[in-house]
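Just so you know, these numbers come straight off a predicted model, no measurement behind them. Naming: A, B, ... by sequence-line order, numbering from 1 per chain.
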Amino acid sequence: MALRRVQKTYGAVWAVRETDLEIEKGEFVSIVGPSGSGKTTLLTMIAGFETPTAGSIIVGGQDVTMLAPNRRNIGMVFQKYALFPHMTVRQNIEFPLRMRRLARGRDLAKRVDAMLDLVQLGALQHRYPHQLSGGQQQRVAVARALVFDPPVILMDEPLGALDKKLREAMQFEIKRIQERIGATVIYVTHDQEEALTMSDRVAVMHRGRLEQIGSPSDLYANPDNAFVADFVGSVNFIPGTVCGTDHLHVAIKVGNALVQIRSPQGRQAHRREEGAAVRVAARPEHIAIAPYRDRDALSLSGTIETMVFAGASRTALVRLHEVPELVLRADVPSSIRSLPDRGANVALSFSLDALRVFDAEGTA
Amino acid sequence: MMNIQASVQRPSRLATITRPRDASRFAPLTSWLLTLPLVATFAIGFLYPLAKLVTLSFTNGAESYIRLGQDALYFGVMTTTVVTAAAVTGFCLVLGYPVAFAMTRLRGKAALITAACVFVPLWTSVLIRSYAWIVLLQRKGIINDVLQDAGLSVHPLKLLYTQSAVVLAMTHILLPFAILPIYATLRTLPPDLARAAANLGAGAVRTFLLITLPLSLPGVFAGAILCFVLALGFYITPALIGGPGSMLMATLIGQQTTVLLDWPFAAALSTVLLSDALLIVFLFRRALSLSKGFHNVH
Ligand SMILES: Nc1ncnc2c1ncn2[C@@H]1O[C@H](COP(=O)(O)OP(=O)(O)OP(=O)(O)O)[C@@H](O)[C@H]1O
Ligand SMILES: [Mg+2]
């Protein structure tokens, strides 16, 4: 499946800017992005409810840009469920099988029963959608989109209304069904964690543009820009100025201390130039907290403001001495014996390989 | 709404006295006091005359009703009235639904023009619109002229003073009452429902028949009841356009009150017409609530 230079405008509003995207058969691709970034619009065009202002959409080698939605074999889970209010749960799930004449009689009943079991709604099958909770409605919507085994499934935040436990169970189910029927899935979500755990590849959208697409680990470790770094996982941005460089490293002046990073290459080479205003991006797990007396020429220092308990680890919020208006998040493994106290001064050192550097704010 | 907020923020003395348990609601006494003006108007302007009317119909015992039941003429008029009202309702729905449907789809200028075409007749007097039909339909009227000029008929056709003319004119006049409730319902349907139907494999026709139409039925029923009840009591149009052979109840009642001055009999006729209307509305609502699924649409 492929999108070629697809774009969409509503009047003067750009909903989706020129977008290219290739998706392999059977691949699970998530699209993440803030509200209004064009995720739904992109799905709407793939499903055929809106025609792109320009560009073409290819599914299974066939150009479907102008094909009516009911002639495309694409299942969709809508952001607002779109269940038929005058039909029971069961009738809703039967609908695609009847419309597509895929099954009748016994066979139809069997397929619907299997689907009801899968989403654990067998007991509620004769209720109307308005008699269900948000999460139950969402499961009906998922069941209805999966029951006819479409080769391509679009999901617009299908699990947004579920509690954490049920969401994880459904994530697992969706993955399982997807792998079983070998469907290609495009999965829109606000929840970047969900995207990272479920997907083969994750695409980050921002203001109608596809900022970056890559495997979860690639996206996490090598974000193309500050937006992606910030959106995928959590990250600290430390403003500084490039003040020295050799073949392999760049030294960045933060306040009156120095931070060393690996020299950026390629498109980012301009960030090596002396005097360039940059931001160093450091993920919380790449910042190590050490006693204040252990600080050296390449570490920063700060005062612990708060410790936040988060299960396997603790997160320390540390106010930097070098840039007093900045509070960094740093993970402290719980296994560490002597946790620093609140108000303690500490040294902060960075794992050299994990640091990234971006242009200063406003220029990115 | 405004009143509720005001009383929540600045409790008046009355609201303090009749303080509700739940601050977002009025105490029963306050609610009653607020509806009092309406209740009073309703009682004086509607219930009292109605009671008076029913009493009046029994001035000579049940004599008026006996006469009504014995004379086939009156039963005939009643039947004509109901049949006419039903026909008008049917035409209004059939003609009005597509217009309402189109109104939900149109944008910009086209939407504005369509809305104007629906609303402007509503603001024009029924009398004027009835006369307009006379101008169109009479022997030397516009339609006969056109037909003869086009050589489609040799002699002018008798169009006016027929039952069909009455149905035609009444349909035209009542059309907005069918369009507006249907339009209101169609507009509340989320566009995602039709999209979902298409996505699941239904073409335009099946999407309409299986999703849009059933979900718009509450609006269709509302429009039907409005048209039907209004048509039952139509007076001016049938009086002007209908012939003597196609007399309707309202005309008959008018005749009894103003020409024959038989008020008890007129009152009996009115009571029968009213009961008819009530009975049909009741049956309609029953049918509506029995057909599964509609009560949970909105
Ligand atoms: N029918 C429309 N008419 C005009 N503008 C629209 C329309 N649909 C979407 N837009 C605009 O296009 C942009 C992208 O909208 P879209 O619904 O695709 O966002 P989204 O990424 O799905 O957001 P969310 O996460 O909140 O669902 C928004 O700025 C929105 O206002
Ligand atoms: Mg959306």
Pair A/Thr88, A/Gln125: side-chain N/O donor-acceptor within cut-off below 3.5 Å: no
A/Thr189 and A/Asp191 side chains, donor-acceptor separation under 3.5 Å: no
Contacting moiety of A/Arg71, where chain B heavy atoms sit under 4.5 Å: neither
Proximal component of A/Phe78, with respect to chain B [non-hydrogen, under 4.5 Å]: side chain
Qualifying residue, where the test is side-chain contact (heavy atoms from CB on, under 4.5 Å) with A/Leu3 and the options are A/Ile46, A/Thr65, A/Val16, A/Asp20: A/Ile46
Under 4.5 Å from a heavy atom of chain A, the part of B/Arg206 involved: side chain
Parallel, tilted or perpendicular: ring planes of A/Phe28 versus A/Tyr187, cut at 30 and 60 degrees: tilted
Among the listed options B/Pro190, B/Ala204, B/Ala198, the residue most often paired with chain A at heavy-atom distances under 4.5 Å: B/Ala198
A/Leu97 portion near chain B, given a 4.5 angstrom heavy-atom threshold: neither
Geometric class of the B/Phe101/B/Tyr97 ring pair [parallel <30°, tilted 30-60°, perpendicular >60°]: parallel
Segment of B/Ala194 engaging chain A (4.5 angstrom heavy-atom cut-off): neither
